[in-house]
Asker: 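Have a look at this one.
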Amino acid sequence: MRRPSLPAWAWVALAAHALFVADARAAARFDAATRVFRLDGERVTYAFGINEAGQLQSLHWGGRLADGDPLGPAKSLPSHSSFDLSASITPQEFPAQGGGVFTEVALKVAYADGNRDTVLRYVSHTLERDAVTVRLRDIALPLEVSLRYTIDPGTGVIGRSARIENLGRTPLRIDQAASAAYTLAPQDDYRLHHLSGRWAGEWSLQQRPVSEGASVLESRRGSTGQQNTPWFAIDRGGSSGEDSGPVWFGALAWSGSWRISIDKDPLGAVRVVGGYNPYDFAYRLAPGERLDTPVFYAGYSDGGMGGASRLLHRFERERILPGGGKPRLRPVLYNSWEATEFAVDEAGQMALAEKAARIGVERFVVDDGWFGARNSDKAGLGDWSVNRAKFPNGLKPLIDKVHGLGMEFGLWVEPEMVNPDSDLYRAHPDWVLNFPERPRTPARNQLVLNLARRDVRDHVLQVLDALVTDNDIQFLKWDYNRNWSEPGWPQLAPEDQPKVYVEYVRNLYWILGELRRKHPKLEIESCSGGGGRIDLGIMALTDQVWPSDNTDPFDRLSMQDGFSHAYAPAAMMAWVTDSPNWVNRRETSLDYRFLSSMQGALGIGANLNHWRDADFATAARMVAAYKQVRATVQQGDLYRLISPANGSPRSATLSVSPDRRQAVLFAFLHSQSKGMQEPAIRLRGLDPRQRYRIARLGGGALPEAMPAEASGAYWMEHGLAVPMRGDFQASGFVFEAK
Ligand code: GLA
């Protein structure tokens, strides 16, 4: 299109006007005079500038600044010595390996001629209302990097990702690609918090000083993993705690191998670099090809670790979880796994369904064992047709029965896996990850299908689509019970095989997306032998997650506490199972088990065939009580009043509804020592002027001397004494505004 002829000055004036008009409401801005980009949202400002060397330089990530505050121009730091050159100590937004950079890099590229030096410079940018894309280029080579920044105006959470493009005529190899590098200005007392664990022992909150020498959080497993979760928080030892003080945090939206490294540079600035794990990584870009990284989200709160997690929960509910900003409340679920394991059949499941319906369950889920020759974990994975010995008439009679009882129907699947003893593997032994002529290491007697292959991807979608189309299924529990070994993709040239780390996960996301598109009412749970695949990437495509196979209600308290630092209760499943618990033989009362599970999205996994009438009565009462408060528990603001971590004898959480008209208190006494009275629990987050009536969750008389009604100020400043005596005691209370 030809421009209408206007003098050049008129174009400049028009452009300036457009910029000014956009400026007034925009969360993303660029100041042409100082060459500073600025993103503002909620109580957060994130700013970076183009320095005199053309590098993108971090300027501010923290509390909200005033309009017009002096942020630029960015000026590179002078070399500290001949050992620490300017390029290395200047906090770059996306440092590449080259030009004497020794800090952790976001990008490392090897070119066909042997060159491994990349130096990126600003080229141009595009502004949108809540986003900016900045294009960088190598000083000489046709390599372009587009950095994308978004800001969520409601929470101030930044999203960053990178697109790396080969604009040249020869292939190049990316050896390392992060989504972003975030910088915190030098301070002496930064503390890192992260979550670690293992199967049946996920979600331990860890803390350590940020000091010289990198802390590396990662998964090399091909999936997110239980050992670390892709989340971090950094606060200040001197001034931060649960309730106040600055906290910087981030979470990576990726369900494959990932890495976040946190290190101090020689001048004391903290660099947080996160993205694809460079371990065993290589991604060859043919001319014209590009690699997109996952999004690395980051936020800031001046409200302590509690404020940070409330922001992140809100962000996950409004921007990540399915539901267009309003995720559906989790139905109360029954799952038969712990009751029957592989011994599922039509009559047994129908009997359980009848009992589940009696206590108010809304979704009945048949777990492992319903398909193929699946009588143990040794056979059948991959053969997703109904086992006719167990269900002679298919699933329809059971599904009809479940629907007739007023419940949704759900089914367990593990679509990415195959037992060598299966028809699928016998037909397609080449479909699994493998290196030819090398052993294929089984885990739980199963191998990993190479989802990166187009034919495998299409097969998995077709099987699941048929399953959901042919049966009236509302929910899939999507499991994934091992990590990778021998991650070969022999159909590709050797130099392209490591692409499996990226393409596998992309195809997983594609399948989930397609399945949801074809079946918009279908809900999905992400499970990986418990909490092995929980991250913001999978949460965008699944409605709920299974935090752990460990269902002991006492262990769960600290796991739920850890989990809540990174992920929202809105998606956190928690089942009431049998006592003694299978994990540790611990015995707890049914009330205790319910109150522990009611901190999240309630499910029941006990063997209802063993329950007495009194148990059914307790369960019906607790399920009904839960339905009265679940909107607050799942979608309200979570206050961790007393942490169960580090052997604390007690713990308590409070969930407050967004309008502050309802609050739910869960209090636990783990073991009483020497007859001591428990200190009063002081609430948070209520409206101090509002009067609230208190009642026991699940009914029952209030403890003697507890007032039935008081102001929010009273509950927060004076608190309430919750008399509990003995071991493994629990109490729940609900506060309703008058
Ligand atoms: C995994 C899951 C369990 C159960 C079993 C079935 O371990 O985490 O909840 O579904 O698989 O084999």
Side-chain angles (χ1 to χ4, degrees), residues 48-58 74-125 134-147 160-183 214 216 259 261 263 265-267 269 271-293 296 495-496 498-499 501-502:
F48 57 98
I50 307 160
N51 68 20
E52 78 296 341
Q55 298 158 335
L56 276 198
Q57 183 175 339
S58 312
K75 212 172 159 319
S76 64
L77 306 187
S79 295
H80 180 67
S81 67
S82 57
F83 302 97
D84 290 310
L85 302 180
S86 171
S88 200
I89 57 176
T90 298
Q92 294 190 51
E93 288 281 288
F94 202 76
Q97 175 167 314
V101 171
F102 299 118
T103 55
E104 184 62 48
V105 294
L107 180 65
K108 177 173 180 289
V109 181
Y111 300 86
D113 64 358
N115 170 40
R116 302 190 311 280
D117 182 83
T118 301
V119 175
L120 298 172
R121 293 280 180 267
Y122 168 84
V123 177
S124 65
H125 68 268
V134 185
R135 273 177 295 284
L136 311 173
R137 260 204 181 212
D138 179 70
I139 43 174
L141 296 164
L143 175 83
E144 188 165 294
V145 175
S146 302
L147 300 183
R160 287 191 54 189
S161 57
R163 166 170 289 178
I164 302 143
E165 275 184 277
N166 178 3
L167 302 181
R169 296 214 183 91
T170 44
L172 55 81
R173 193 184 71 224
I174 301 171
D175 289 330
Q176 187 162 341
S179 307
Y182 290 102
T183 304
V216 175
R259 188 174 79 163
S261 98
D263 200 2
D265 72 17
L267 299 190
R271 314 273 189 106
V272 183
V273 182
Y276 293 126
N277 196 329
Y279 169 81
D280 199 29
F281 186 87
Y283 200 99
R284 204 165 74 110
L285 286 188
E289 284 187 342
R290 64 197 188 201
L291 172 66
D292 288 331
T293 73
F296 190 11
E495 60 272 26
D496 281 327
K499 282 186 172 178
Y501 285 101
V502 175

Asker: Measure the CG-CD distance between Leu141 and Glu144 for me, rounded to the nearest 0.5 Å.
Answerer: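 So the gap between those two atoms works out to 13.0 Å.
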Asker: OH/Tyr122 to CG/Asn51 distance, rounded to the nearest 0.5 angstrom?
Answerer: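 Tyr122 OH to Asn51 CG: 13.0 Å, rounded to 0.5 Å.
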Asker: Over all heavy atoms of both residues, which pair between Asp263 and Ala214 is shortest? Give the atoms and the distance, please.
Answerer: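 Scanning both residues completely, I find the closest heavy atoms to be OD1-N, 3.4 Å.
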Asker: Are Arg163 and Asp292 close enough for a salt bridge, meaning some N to O gap below 4.0 Å?
Answerer: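 Salt bridge: yes.
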Asker: Who passes ring pair (Phe, Tyr, Trp, His ring centres under 6.0 Å) against Tyr501, sequence neighbours left out?
Answerer: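 With sequence neighbours excluded, Tyr501 shows a ring pair (Phe, Tyr, Trp, His ring centres under 6.0 Å) to Trp484, given in chain and number order.
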Asker: Can you name the nearest heavy-atom pair linking Ile50 to Leu56, along with the distance?
Answerer: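 Shortest heavy-atom separation between Ile50 and Leu56 comes out as CG1-CD2, 3.9 Å.
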Asker: Identify the heavy atoms of Ala181 and Pro95 that sit nearest to each other, and give their distance.
Answerer: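 In this case the closest contact between Ala181 and Pro95 is CB-CD, 3.8 Å.
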Asker: Which residue, Ile164, Leu172, Leu291, forms the side-chain contact (heavy atoms from CB on, under 4.5 Å) with Tyr283?
Answerer: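 The residue from Ile164, Leu172, Leu291 that satisfies side-chain contact (heavy atoms from CB on, under 4.5 Å) with Tyr283 turns out to be Leu291.
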Asker: Which atom pair, heavy atoms only, marks the closest approach of Ala162 to Leu147?
Answerer: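 Taking every non-hydrogen atom into account, CB-CD2, 3.8 Å.
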Asker: Using the side-chain hydrogen bond (donor to acceptor under 3.5 Å, both in side chains) criterion, which residues pair with Asp117? Sequence neighbours excluded.
Answerer: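 Scan of Asp117 (side-chain hydrogen bond (donor to acceptor under 3.5 Å, both in side chains), adjacent residues dropped) gives none.
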Asker: Between atom CZ of Phe94 and atom CG of Leu107, what is the distance when rounded to the nearest 0.5 Å?
Answerer: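 It comes to 5.0 Å.
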Asker: Heavy atoms only: give me the nearest Ser86-Ser79 pair and the separation to one decimal.
Answerer: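 Result for this residue pair: N-OG, 2.9 Å.
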Asker: When you compare the side chain of Leu285 with that of Ile174, does any pair of heavy atoms fall below 4.5 Å?
Answerer: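 A side-chain contact under 4.5 Å exists here.
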Asker: Below 30° counts as parallel, above 60° as perpendicular, anything between as tilted: where do the rings of Tyr276 and Phe281 land?
Answerer: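 The arrangement is parallel - the two ring planes meet at less than 30°.
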Asker: Less than 4.5 Å apart, any side-chain heavy atom of Thr118 and any of Val105?
Answerer: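 No, every pair of side-chain atoms sits at 4.5 Å or beyond.
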Asker: How many angstroms lie between CZ in Arg121 and CZ in Arg137, if you round to the nearest 0.5 Å?
Answerer: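 One finds 14.5 Å between CZ of Arg121 and CZ of Arg137.
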Asker: Does the side chain of Val123 reach to within under 4.5 Å of the side chain of Leu136, using non-hydrogen atoms?
Answerer: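 A side-chain contact under 4.5 Å is absent here.
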Asker: Which residues pass the salt bridge (charged side-chain N to carboxylate O under 4.0 Å, His left out) test with Arg135, not counting sequence neighbours?
Answerer: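 Counting only residues at least two positions away or on another chain, Arg135 forms no salt bridge (charged side-chain N to carboxylate O under 4.0 Å, His left out).
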Asker: Can you tell me how far apart CZ (Phe102) and CD (Gln97) are? Round to the nearest 0.5 Å.
Answerer: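 Going from CZ on Phe102 over to CD on Gln97, the span is 9.5 Å.
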Asker: Would you indicate whether the side-chain heavy atoms of Gln92 and Leu120 approach each other to under 4.5 Å?
Answerer: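 They are not in contact (no side-chain heavy atoms under 4.5 Å apart), so the answer is no.
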Asker: Not counting sequence neighbours, list each pair that qualifies as a salt bridge (Lys or Arg N to Asp or Glu O under 4.0 Å) and has a residue in residues 93-109.
Answerer: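 Found Glu93-Arg160, Glu104-Arg259, Lys108-Asp175.
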Asker: About how many Å separate OH of Tyr111 and CG of Asn166, when rounded to the nearest 0.5 Å?
Answerer: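 That separation rounds to 8.5 Å.
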Asker: With a 4.5 Å cut-off on side-chain heavy atoms, are Pro91 and Leu77 touching?
Answerer: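 Yes. Closest side-chain heavy atoms under 4.5 Å.
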Asker: Looking at every non-hydrogen atom in both residues, tell me the closest pair between Gly99 and Ala87 and how far apart they are.
Answerer: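 Looks like O-CB, 3.7 Å.
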Asker: Gln57 and Ser76: side-chain donor and acceptor closer than 3.5 Å?
Answerer: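 The criterion, which ignores hydrogens and geometry beyond distance, is not satisfied for Ser76 and Gln57.
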Asker: Name all residues meeting the salt bridge (charged side-chain N to carboxylate O under 4.0 Å, His left out) criterion together with Asp280; count only those two or more places apart in sequence or in a different chain, and write none if there are none.
Answerer: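 Here no residue qualifies.
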Asker: For Arg290, which residues count as a salt bridge (charged side-chain N to carboxylate O under 4.0 Å, His left out) partner, sequence neighbours excluded?
Answerer: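 Partners of Arg290 by the salt bridge (charged side-chain N to carboxylate O under 4.0 Å, His left out) criterion come out as none, since no residue qualifies.
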